[in-house]
2 protein chains.
Amino acid sequence: MKLGTKGRYAVMAMVDLAFYSEGKPLSLTEIAERQALPISYLEQLFLKLRQKGFVMSTRGHQGGYTLAKEAASIRISEILEAIGEPIETTRCKEESELGCLGTKGQCLTHALWAGLGRQMQQYLNGISLADVCQRRLT
Amino acid sequence: MKLGTKGRYAVMAMVDLAFYSEGKPLSLTEIAERQALPISYLEQLFLKLRQKGFVMSTRGHQGGYTLAKEAASIRISEILEAIGEPIETTRCKEESELGCLGTKGQCLTHALWAGLGRQMQQYLNGISLADVCQRRLT
DNA sequence: ACGATTCCTGACTAATTTAGTCAAGTATGA
DNA sequence: TCATACTTGACTAAATTAGTCAGGAATCGT
Ligand code: FES
Ligand code: FES
């Protein structure tokens, strides 16, 4: 049960952006350097973040990325979902009514994992970029 | 952020054991069949579970595994830890005082991930095998 | 106009981790 | 003594992760 670099880097970069940008766009070069992240990797991530509407880009000289919404209204859970690092605790599909072992109802542990997932989702849902920047964490 | 089969199978098997055993040992064959799990894989897992003192084994005919403690006193978090599926949300080592980027203090997101980890740990800590068997889940 | 900067995008790959299998052995009870 | 079942380590195939790389397109300052 570990957090991969994809989700970690995306959140680190977004926090950096929220923290150091003052309206002006920040280049990936700058962010990558400050956070010690591979820049080519960040490019992939910001592509998705832009497509999902979390950041805006300006090209060319003095260009870079800007938050497309207020930092207080971007939840960590949204970032993770946007770049494709979902929380998968249960093994069965939500839609299909067959449990993870293929037969009839849910397995004995389904409720346990579902509860864990709900817990995590709730936590990450309740925290915004602004919260992280201001260290307003429980 | 997904749960692997190692942890999942271990918990499924332990729940099965707690649920269907009535003092008598259950063979891995039986458990594996009922839960649709690969038996050779379970062998590895139960090796560790025995070494850590969660189950007892009886060999030979009519042998199998039995819980070594009461189901109510085995927490899910303990099972996951025993078979080596720890919760790793932060990237930095707990001991060393250097953050995940190598320099000075902790990174901007450390508190966030630590909080997530604490949350998960707390949830899995508060649930015992008995709770799962009796579907006493929030 | 030019050239530096920066985003944009897809394709590709190396390394790691996961999810197992396999084989040989030991202990036990019927 | 034979079938059952645990014991243990070594090995491997597949999937995932964590990136790299290359080429392109837009923009701005000079
Ligand atoms: S995890 Fe949903 S049925 Fe097993
Ligand atoms: S995760 Fe602990 S310092 Fe970054």
Side-chain angles (χ1 to χ4, degrees), chain A residues 1-14 17 21 24-68 80 83-86 88 91 100-101, chain B residues 1-14 17 21 24-68 80 83-88 91 100:
Chain A
M1 203 82 205
K2 70 176 60 159
L3 178 67
T5 61
K6 205 164 48 173
R8 162 169 284 120
Y9 290 177
V11 174
M12 286 176 78
M14 286 294 276
L17 186 53
S21 168
K24 300 293 168 194
L26 294 187
S27 74
L28 285 188
T29 312
E30 193 179 338
I31 297 177
E33 210 157 291
R34 189 160 37 220
Q35 301 295 325
L37 305 176
I39 184 172
S40 311
Y41 200 27
L42 278 190
E43 284 175 345
Q44 289 181 44
L45 301 178
F46 272 77
L47 174 61
K48 290 178 187 163
L49 288 171
R50 182 177 59 81
Q51 290 170 344
K52 299 287 165 56
F54 293 102
V55 295
M56 284 166 37
S57 66
T58 34
R59 292 168 124 177
H61 229 85
Q62 304 283 27
Y65 287 96
T66 325
L67 289 184
L80 294 178
I83 52 90
E85 179 126 356
E88 282 182 10
R91 192 170 54 169
C100 63
L101 90 148
Chain B
M1 204 81 205
K2 69 175 60 158
L3 178 67
T5 61
K6 204 164 49 172
R8 163 168 283 120
Y9 290 177
V11 173
M12 286 177 78
M14 286 295 276
L17 185 54
S21 167
K24 300 294 169 196
L26 294 186
S27 74
L28 285 188
T29 312
E30 193 180 338
I31 297 176
E33 210 156 291
R34 189 160 36 219
Q35 301 295 324
L37 307 175
I39 184 172
S40 312
Y41 200 27
L42 279 189
E43 285 175 344
Q44 291 181 42
L45 301 177
F46 272 78
L47 173 62
K48 290 178 186 162
L49 288 171
R50 182 176 59 80
Q51 289 170 344
K52 299 286 166 57
F54 293 103
V55 295
M56 284 166 37
S57 65
T58 33
R59 292 169 126 178
H61 228 85
Q62 304 283 28
Y65 287 96
T66 325
L67 289 185
L80 293 178
I83 51 91
E85 180 125 357
I87 292 176
E88 280 182 11
R91 192 170 53 169
C100 62

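- Note: CE (B/Met12) to C1' (C/dA19) measures 15 Å, nearest angstrom.
- Near-neighbour residues of DNA chain C inside residues 25-39 of chain A, defined by a heavy atom below 4.0 Å, number-ordered: A/Leu26, A/Ser27, A/Leu28.
- Rounded to an integer number of Å, the gap from CG of A/Leu42 to C1' of C/dT6 is 14 Å.
- Legend: residues meeting side chain to side chain contact (heavy atoms under 4.5 Å, CB included) with B/Lys52, ordered by chain and number and at least two apart, are B/Phe54, B/Ala82.
- For residues 4-14 of chain A, no pair satisfies salt bridge (charged side-chain N to carboxylate O under 4.0 Å, His left out), with sequence neighbours left out.
- Within the 4.0 Å cut-off from OP1 or OP2 of D/dA18, not a single side-chain nitrogen or oxygen of A/Tyr9 is found.
- Side chains of A/Phe46 and A/Leu17 form a contact here, defined as non-hydrogen atoms less than 4.5 Å apart.
- Not counting sequence neighbours, the partners of B/Arg91 by the side chain to side chain donor-acceptor pair (under 3.5 Å) test are A/Tyr9.
- Under the rule for a side chain to side chain contact (heavy atoms under 4.5 Å, CB included), the partners of A/Thr58 that lie at least two apart in sequence or sit in another chain are A/Pro25.
- When atom types are taken as modelled, the side chain of B/Glu88 and the backbone of A/Leu3 share no donor-acceptor pair closer than 3.5 angstrom.
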* Structure fact -> A correct 5'-to-3' footprint of nucleotides 11-17 of chain D, with B, S and - meaning base, sugar-phosphate only and no protein heavy atom under 4.0 Å, is -------
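- A distance of 11.0 Å separates CD1 in B/Ile83 from CE in B/Met14, rounded to the nearest 0.5 Å.
- One finds the NZ atom of A/Lys2 at 13.0 Å from the NZ atom of B/Lys2 (value rounded to the nearest 0.5 Å).
- To the nearest 0.5 Å, atom OG1 of residue B/Thr5 and atom CE of residue B/Met12 are 10.5 Å apart.
- Where B/Ser40 and A/Glu43 meet DNA chain C, the nucleotide closest to each residue was compared, and A/Glu43 sits on the side nearer the 5' end.
- Residue B/Ala68 comes nearest to B/Gly53 through the heavy atom pair CB-O, 3.5 Å, listed as atom of the first residue, atom of the second, then distance.
- Within residues 49-62 of chain A, the residues approached by DNA chain C to less than 4.0 Å at the level of any non-hydrogen atom are A/Arg50, A/Ser57, A/Thr58, A/Arg59, A/Gly60, A/His61, in residue-number order.
- A rotation axis mapping the C1' atoms of four pairs onto the next four is fitted at both ends of the helix from C/dA1-D/dT30 to C/dA30-D/dT1 over five pairs, and the angle between these axes is 10° to 10 degrees.
- Rounded to whole Å, atom P of C/dG25 lies 18 Å from atom CG of B/Leu47.
- Rounding to whole angstrom units, CD1 of residue A/Ile83 and P of D/dA18 are separated by 10 Å.
- If you check C/dG20, C/dC8, D/dC6 against the side chain of B/Tyr65, the one that comes closest is D/dC6.
- Atom-to-atom, CG of A/Leu45 to P of D/dT20 comes out at 12 Å; the value is rounded to the nearest Å.
- Atom OG of residue A/Ser57 and atom CG of residue A/Leu49 lie 11.5 Å apart, to the nearest 0.5 angstrom.
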Side-chain donor-acceptor distances from residues 59-67 of chain B under 3.5 Å, at least two apart:
none

Determine all donor-acceptor pairs shorter than 3.5 Å in which one atom belongs to a side chain in residues 33-44 of chain A; sequence neighbours excluded.
from	atom 1	to	atom 2	distance (Å)
A/Arg34	NE	A/Asp16	OD1	3.4
A/Arg34	NE	A/Asp16	OD2	2.8
A/Arg34	NH2	A/Asp16	OD1	2.9
A/Gln35	NE2	A/Asp16	OD2	2.6

